[in-house]
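Some notes on the structure that comes next.
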Amino acid sequence: MTTPDPAGFLHTTRTSYDAIAEGYASWTRDELAAKPLERGLLTAFAELVARVARVAKDGGGGLPLADVGCGTGRVTGFLHGLGLGLDVFGIDLAPQMLAEARKDHPGLRFDEGSMLALDLPDASLGGLLAWYSTIHVPDEELPRVFAEFRRVLAPGGYVQLGFQVGDEPLRLTEALGQEISLVFHRRQPERVAELLRDAGLEVVSRVWRERETDGPFPERAPQGFVLARRPVVSGGCEDGDISTTD
Ligand SMILES: C[S@@+](CC[C@H](N)C(=O)[O-])C[C@H]1O[C@@H](n2cnc3c(N)ncnc32)[C@H](O)[C@@H]1O
């Protein structure tokens, strides 16, 4: 599916990540191993998704978990490797990032697509991860992305976001030895939570952490993580209800 891109940001994001795909894969391959807090957040998210997706009850994969903006698939692979039986797959805009993901994780599924118009049926996901991928979506397009996240999540399904915290965007014209044109939209967790609520999602947690300045992955900004879920209609049973509370 081709997403209209009048402002051109999808094109520049795609070509920039295609240019740095190989370097990005080797640079970030061991990043999660160095970040226990992130592993903890992702593991908690995966456990919540496994519960609502009824993985255990069905004995199968249950409703899938999509890693949207999966890049080279390092987090998709981490979620799969938790051994919770999740049916995890990745979606990304950049074909070369997907090529790296398929090389690193040959057993997993990776599809090309854009978070502005996901090629997924309504209420089809138990969980959606957007780990440092909404950072390339301009503010004016974010409500559309969050509406799309709500549409594809089943009632009770969770969405987890990770992003850099700040008020001003960072623009990079060079990275990993390549010429690029990337805008990193930094945001405040409170603002992200507000937009998720506006899209009809319930905010479960907001985490803010200081930036790390030492170690192998020094950061330019503090980091934010927001977890939300699509509400389950109370007092009744919405079609496709996957709540564990009934
Ligand atoms: C900073 S990387 C993060 C990749 C991965 N989540 C990780 O943590 O390693 C951002 C990724 O988001 C993807 N991306 C940006 N905008 C997107 C969009 N509109 N739809 C799908 N993917 C997008 C980029 O192609 C890139 O692979």
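For ligands, and for the atoms within them, numbers begin at 1 and follow the listed sequence. All values reported here derive from a predicted model rather than from experimental measurement. All values below come from the heavy atoms of this structure, side chains included, with hydrogens, waters and symmetry mates left out. Here, residue 1 is the first one in the sequence, and each next residue gets the next number.
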- Task: Could you note down all residue pairs passing ring pair (Phe, Tyr, Trp, His ring centres under 6.0 Å) where residues 86-105 supplies at least one of them, sequence neighbours left out?
- Result: none

Give me the pairs of N or O atoms, one from ligand 1 and one from the protein, that sit under 3.5 Å apart.
from, atom 1, to, atom 2, distance (Å)
ligand 1, 6 (N), G69, O, 2.8
ligand 1, 6 (N), W131, O, 2.8
ligand 1, 8 (O), R74, NE, 3.4
ligand 1, 8 (O), R74, NH2, 2.9
ligand 1, 9 (O), Y24, OH, 2.8
ligand 1, 9 (O), R74, NE, 2.6
ligand 1, 9 (O), R74, NH2, 3.4
ligand 1, 20 (N), M115, N, 3.0
ligand 1, 22 (N), L93, N, 3.4
ligand 1, 25 (O), D92, OD1, 2.6
ligand 1, 27 (O), D92, OD1, 3.2
ligand 1, 27 (O), D92, OD2, 2.7

- Message: For a 4.5 angstrom cut-off between non-hydrogen side-chain atoms, does P189 reach V165?
- Response: yes

- Would you indicate whether the side-chain heavy atoms of Y17 and D92 approach each other to under 4.5 Å? no

- Report the relative orientation of the aromatic rings in Y24 and W27; use parallel for angles under 30°, tilted for 30 to 60°, perpendicular for over 60°. perpendicular

- Query: Parallel, tilted or perpendicular for F184 and H136, by the 30°/60° rule?
  - Reply: perpendicular

- Message: Could you check whether any side-chain heavy atom of F110 comes within less than 4.5 Å of a side-chain heavy atom of M97, counting everything from C-beta outward?
- Response: no

